[in-house]
*Asks:* 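Handing you this structure, nothing more for now.
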Amino acid sequence: MKTLEKGTPILIHLTTTREQAGEVSEYKKKFSGQVFQIGQSLYLRYVETRSPEKVIVTFKIIDEDSIQLTRKRAGLKLQLFFKDNHRVAATYQTSYGVIPIETVTPQLQILLQASPLAGVIRIDYLLYNGEELLGKYKIRLQFTT
């Protein structure tokens with residue numbers, strides 16, 4: 001696989017579902033991105049332009065049951081960790097300071113194919129601030145080279 005700077009072009013199909021305070025919203029979009037490998041970890045990166053600012057999104061597949069999701073934009077950085085059936089501490093850096101959050105991941109599935117490189121990621125997670133449930137989320141990501 002190519003280096004971090006070059007990467008391999010991929011097409012990403014993303015669907016996210018969010019349930020907060022009894023309301024459900026869904027977001028579907030296709031992105032052009034890059035995939036690259038550093039050590040044993042596989043990285044998927046793309047740029048969202050949902051708002052006036054660009055958001056750099058990176059999925060780091062650490063192993064078959066662990067993923068790190070990072071979302072960065074000016075002044076904000078959200079870093080979530082998903083480990084199958086675990087509660088994991090995370091951080092949300094804002095211009096007002098760091099907000100401690102946690103994820104609980106009842107379902108995490110990673111399916112990868114080597115040739116041609118492709119994959120599917122399915123994550124169902126709960127987002128907490130202390131004992132307060134902030135929302136229920138589902139991520140469905142499919143990528144192909």
Side-chain angles (χ1 to χ4, degrees), residues 1-112 117-144:
M1 195 156 307
K2 298 179 183 173
T3 64
L4 173 67
E5 293 79 30
K6 305 260 183 213
T8 300
I10 57 173
L11 178 61
I12 296 172
H13 296 264
L14 177 72
T15 301
T16 60
T17 306
R18 175 180 65 189
E19 182 181 333
Q20 289 179 311
E23 292 192 25
V24 177
S25 62
E26 187 174 83
Y27 172 76
K28 287 185 178 186
K29 186 116 186 204
K30 292 180 186 177
F31 298 97
S32 294
Q34 294 180 313
V35 61
F36 46 90
Q37 188 167 0
I38 298 177
Q40 298 299 311
S41 297
L42 192 65
Y43 292 77
L44 309 174
R45 179 174 290 159
Y46 63 91
V47 177
E48 279 185 3
T49 53
R50 287 167 78 166
S51 62
E53 297 177 19
K54 292 181 182 177
V55 179
I56 299 169
V57 181
T58 306
F59 284 84
K60 176 183 178 183
I61 302 171
I62 300 164
D63 55 36
E64 67 270 354
D65 71 347
S66 298
I67 291 181
Q68 175 183 327
L69 169 62
T70 305
R71 296 175 53 84
K72 291 184 198 177
R73 71 173 195 213
L76 298 174
K77 180 179 178 184
L78 174 66
Q79 205 164 38
L80 301 176
F81 298 91
F82 307 109
K83 186 155 179 69
D84 204 16
N85 291 309
H86 284 79
R87 186 176 186 122
V88 183
T91 57
Y92 185 32
Q93 294 176 350
T94 70
S95 53
Y96 302 106
V98 177
I99 299 170
I101 53 180
E102 295 177 312
T103 58
V104 175
T105 310
Q107 181 190 350
L108 174 63
Q109 185 178 33
I110 304 165
L111 304 169
L112 298 175
L117 181 60
V120 174
I121 297 172
R122 294 183 187 104
I123 305 170
D124 292 357
Y125 71 98
L126 308 173
L127 187 63
Y128 287 91
N129 179 289
E131 293 303 313
E132 181 185 356
L133 176 64
L134 301 177
K136 299 177 183 178
Y137 298 84
K138 293 182 181 186
I139 298 172
R140 301 296 184 261
L141 184 147
Q142 182 175 5
F143 73 94
T144 53

*Asks:* Given Phe36 and Thr8, is the side chain to side chain contact (heavy atoms under 4.5 Å, CB included) satisfied, shown in steps?
*Replies:* CA-CA 6 Å; Phe36 46 90; Thr8 300; over 6 Å; no
*Asks:* Just so I know, are the side chains of Val57 and Val47 near enough to count as touching, which here means a heavy-atom distance under 4.5 Å?
*Replies:* no
*Asks:* A side-chain contact here means heavy atoms from C-beta on lying under 4.5 Å apart; do Leu117 and Phe143 qualify?
*Replies:*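 Yes; the side chains approach each other to less than 4.5 Å.
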*Asks:* Show, in sequence, the C-alpha distance, side-chain angles and deciding distance for Val104 and Arg87, and conclude whether the side chain to side chain contact (heavy atoms under 4.5 Å, CB included) test is met.
*Replies:* CA-CA 4 Å; Val104 175; Arg87 186 176 186 122; 3.6 Å; yes
*Asks:* Look at atom CG of Leu133 and say whether more than 12 heavy atoms of other residues, nucleotides or ligands are closer to it than 6.0 Å.
*Replies:*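 Atom CG in Leu133 is crowded, with more than 12 foreign heavy atoms closer than 6.0 Å.
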*Asks:* For Thr58, check side chain to side chain donor-acceptor pair (under 3.5 Å) against everything at least two apart and list the hits.
*Replies:*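 Result, side chain to side chain donor-acceptor pair (under 3.5 Å) vs Thr58: Arg45.
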*Asks:* Going by side chain to side chain donor-acceptor pair (under 3.5 Å), name the pairs with one or both residues in residues 117-135, residues two or more places apart or in two chains.
*Replies:* Gln109-Arg122, Asp124-Arg140
*Asks:* Is Leu44 close to Phe31 at the side-chain level, that is, under 4.5 Å between some pair of heavy atoms?
*Replies:*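 Not in contact.
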*Asks:* Rounded to the nearest 0.5 Å, what's the gap from CG on Leu80 to CD1 on Ile123? Could you check?
*Replies:*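 Here the interatomic distance stands at 9.0 Å.
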*Asks:* Going by side chain to side chain donor-acceptor pair (under 3.5 Å), name the residues that satisfy it together with Lys60, two or more places apart in sequence or in a different chain.
*Replies:*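 Expected list: none.
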*Asks:* Side chains of Leu78 and Thr70: does their closest heavy-atom pair fall under 4.5 Å?
*Replies:* no
*Asks:* Can you tell me how far apart CD1 (Ile61) and OG (Ser66) are? Round to the nearest 0.5 Å.
*Replies:* 11.0 Å
*Asks:* Please determine if Lys29 and Glu48 form a salt bridge, counting it only when a charged side-chain N lies under 4.0 Å from a carboxylate O.
*Replies:*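 Glu48 and Lys29: not salt-bridged.
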*Asks:* Step by step, would you call Thr94 with Ile99 a side chain to side chain contact (heavy atoms under 4.5 Å, CB included)?
*Replies:* CA-CA 8 Å; Thr94 70; Ile99 299 170; 3.9 Å; yes
*Asks:* Is it true that atom CD of Gln40 has more than 12 heavy atoms of other residues, nucleotides or ligands lying nearer than 6.0 Å?
*Replies:*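 No.
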*Asks:* Mind listing the closest non-hydrogen atom pair of Ile62 and Ile67 along with its distance?
*Replies:* CD1-C, 4.4 Å
*Asks:* In chain order, what residues pass the salt bridge (charged side-chain N to carboxylate O under 4.0 Å, His left out) check against Asp84, with sequence neighbours excluded?
*Replies:* none
*Asks:* Measuring from atom NZ of Lys72 to atom CD of Gln93, what distance do you get when rounded to the nearest 0.5 angstrom?
*Replies:*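 CD of Gln93 is found 9.5 Å from NZ of Lys72.
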*Asks:* Are the side chains of Thr17 and Tyr137 in contact, using a 4.5 Å heavy-atom criterion?
*Replies:* no
*Asks:* Determine whether more than 12 heavy atoms belonging to other residues, nucleotides or ligands lie under 6.0 Å from atom NZ of Lys136.
*Replies:* no
*Asks:* Check side chain to side chain donor-acceptor pair (under 3.5 Å) between Thr105 and all other residues, then give those that pass, not counting sequence neighbours.
*Replies:*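 Here no residue qualifies.
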*Asks:* To the closest 0.5 Å, what do you measure between CG (Leu141) and OG1 (Thr16)?
*Replies:* 10.5 Å
*Asks:* What are the two closest non-hydrogen atoms of Val24 and Glu19, and how far apart are they?
*Replies:*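 Closest approach of Val24 to Glu19, heavy atoms only: CG2-CG, 3.9 Å.
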*Asks:* Nearest 0.5 Å please: distance from the CG atom of Leu11 over to the NZ atom of Lys30.
*Replies:* 6.5 Å
*Asks:* Please tell me if the side chains of Ile56 and Tyr46 come closer than 4.5 Å, counting only heavy atoms from C-beta onward.
*Replies:* no
*Asks:* Given 3.5 Å as the limit, does a donor-acceptor pair link the side chain of Gln142 with the main chain of Thr144, or not?
*Replies:* no
*Asks:* If you round to the nearest 0.5 Å, how far is CG of Asp65 from CG of Asp63?
*Replies:*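 That separation rounds to 5.0 Å.
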*Asks:* How far apart are the closest heavy atoms of Leu108 and Phe82, and which atoms are they?
*Replies:*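 Looking at all heavy atoms of both residues, the shortest contact is CD2-O, 3.8 Å.
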*Asks:* Once side-chain contact (heavy atoms from CB on, under 4.5 Å) is applied, do any residues pair with Thr91, and if so which ones, sequence neighbours excluded?
*Replies:* Gln79, Val98
*Asks:* Checking side chain to side chain contact (heavy atoms under 4.5 Å, CB included) for the pair Ile139/Leu69: CA distance, chi angles, key distance, verdict?
*Replies:* CA-CA 11 Å; Ile139 298 172; Leu69 169 62; 4.1 Å; yes
